[in-house]
Amino acid sequence: MSWQMAVVGAIGAVQYRQQGAIGRYNQAVANRNAEVAEQEAELIEKQSEFDIARFDKNFRKLEGETKVAFAKSGVVAGSGTAYKIATANAREAALQREIITYNSKVAQSRKIEEANFARIQGNIARQQARLAQIGTIASTGTSLLGMSNFGSPQSSTYTQANYSFARSR
C-alpha cells in the first residue's frame with residue numbers, strides 16, 4: 001500500500017466519523033427543540049388555567065358590582081330583569097371559559113405537532129448522515145481501487161507489457 005492510499009483511507013475514515021458526529025448532533029438539536037416545544041405546550045396549559053382563574057375573579061367582581069348596583073337602584077335580586085341579566089352573564093362566563101380552554105388546546109396541539117415534526121427532522125438528519133457515510137465509504141473504496149492495480153485494466157496491461165519486455169531482454 002502506498003502512502004497516497006494510506007492518506008486517502010485516513011481522510012475517508014475521518015470524513016466518515018465527522019459525518020456521523022454531525023448527524024448525531026443535528027438529531028440531538030432537533031430532539032432538544034422537540035422537548036422545548038413540549039414544555040411550551042405544558043406552559044400554555046398552565047397559562048390557560050391562570051387565565052380562567054383570573055377571568056373567574058373578574059367575573060365574581062362584576063357580579064358583586066352588579067348586585068350592589070341593583071340594590072342601590074331598588075331592584076329585587078333574583079327576579080325579573082335582574083334574573084335575566086344574571087343568567088345572561090353566567091352563560092357568557094361559561095362561554096368565555098370554553099373559549100379560553102379551546103384556544104389553549106389548539107395552541108397545545110400546535111406545539112405537540114411542532115415537537116413531533118422536530119423529532120422527524122432529527123431522524124431525517126441522522127439518516128442523511130448515514131447516507132453520506134455510505135457515500136464516503138463508496139467513494140473512498142473507489143479511490144483506493146483506482147489507485148491500486150485492481151482498479152484499472154490499463155495498469156495491469158501496462159504491468160504485463162513491462163514484464164514481457166523485461167523478460168525478453
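Since we're looking at a predicted model, the values are computed, not measured.
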With sequence neighbours left out, write down each residue that passes salt bridge (Lys or Arg N to Asp or Glu O under 4.0 Å) with [X], or none if nothing qualifies.
X: E42; result: none
X: R97; result: D56
X: R54; result: D51
X: R110; result: none

Would you mind listing every salt bridge (charged side-chain N to carboxylate O under 4.0 Å, His left out) that reaches into [range], with sequence neighbours excluded?
range: residues 114-130; result: E38-R119, K111-E114
range: residues 75-92; result: none
range: residues 64-79; result: none

Set of residues satisfying side-chain contact (heavy atoms from CB on, under 4.5 Å) with respect to [X], sequence neighbours excluded:
X: I99; answer: L95, Q96, N103
X: E63; answer: F59, R60
X: A82; answer: F70, V75

*Other than I124, what residues sit in its cluster of Ile, Leu, Val, Met, Phe, Trp and Tyr side chains whose heavy atoms are under 4.5 Å apart, directly or through others?*
I120
_Please report the interatomic distance CD(Q128) to CD(Q27), rounded to the nearest 0.5 Å._
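So the CD of Q128 and the CD of Q27 are separated by 11.5 Å.
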*Starting at CG of N31, measure out to CZ of R24 and round the result to the nearest 0.5 Å.*
13.5 Å
*Please name the pair of heavy atoms, one in N26 and one in A125, separated by the smallest distance, quoted to 0.1 Å.*
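For N26 versus A125, the nearest heavy atoms are CB-CB, 3.7 Å.
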*For M5 against L144, the heavy-atom pair lying closest together*: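 Heavy-atom minimum between the residues: O-CD2, 3.3 Å.
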*Among side-chain atoms of S109 and E113, is any donor-acceptor pair under 3.5 angstrom?*
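No donor-acceptor contact under 3.5 Å links the two side chains.
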*Answer with yes or no whether the hydrophobic clustering places I85 together with V68; edges join I, L, V, M, F, W, Y residues whose side-chain heavy atoms lie under 4.5 Å apart.*
no
Sequence neighbours excluded and cut-off under 3.5 Å, please list the side-chain donor-acceptor pairs for residues 131-142, or say none.
unit_1: Q133; atom_1: NE2; unit_2: Y16; atom_2: O; d: 2.9
unit_1: T136; atom_1: OG1; unit_2: Q19; atom_2: OE1; d: 2.7
unit_1: T136; atom_1: OG1; unit_2: Q19; atom_2: NE2; d: 3.0
unit_1: T136; atom_1: OG1; unit_2: A132; atom_2: O; d: 3.0
unit_1: S139; atom_1: OG; unit_2: G135; atom_2: O; d: 3.2
unit_1: S139; atom_1: OG; unit_2: T136; atom_2: O; d: 3.2
unit_1: T140; atom_1: OG1; unit_2: T136; atom_2: O; d: 2.8
unit_1: T142; atom_1: OG1; unit_2: A138; atom_2: O; d: 2.8

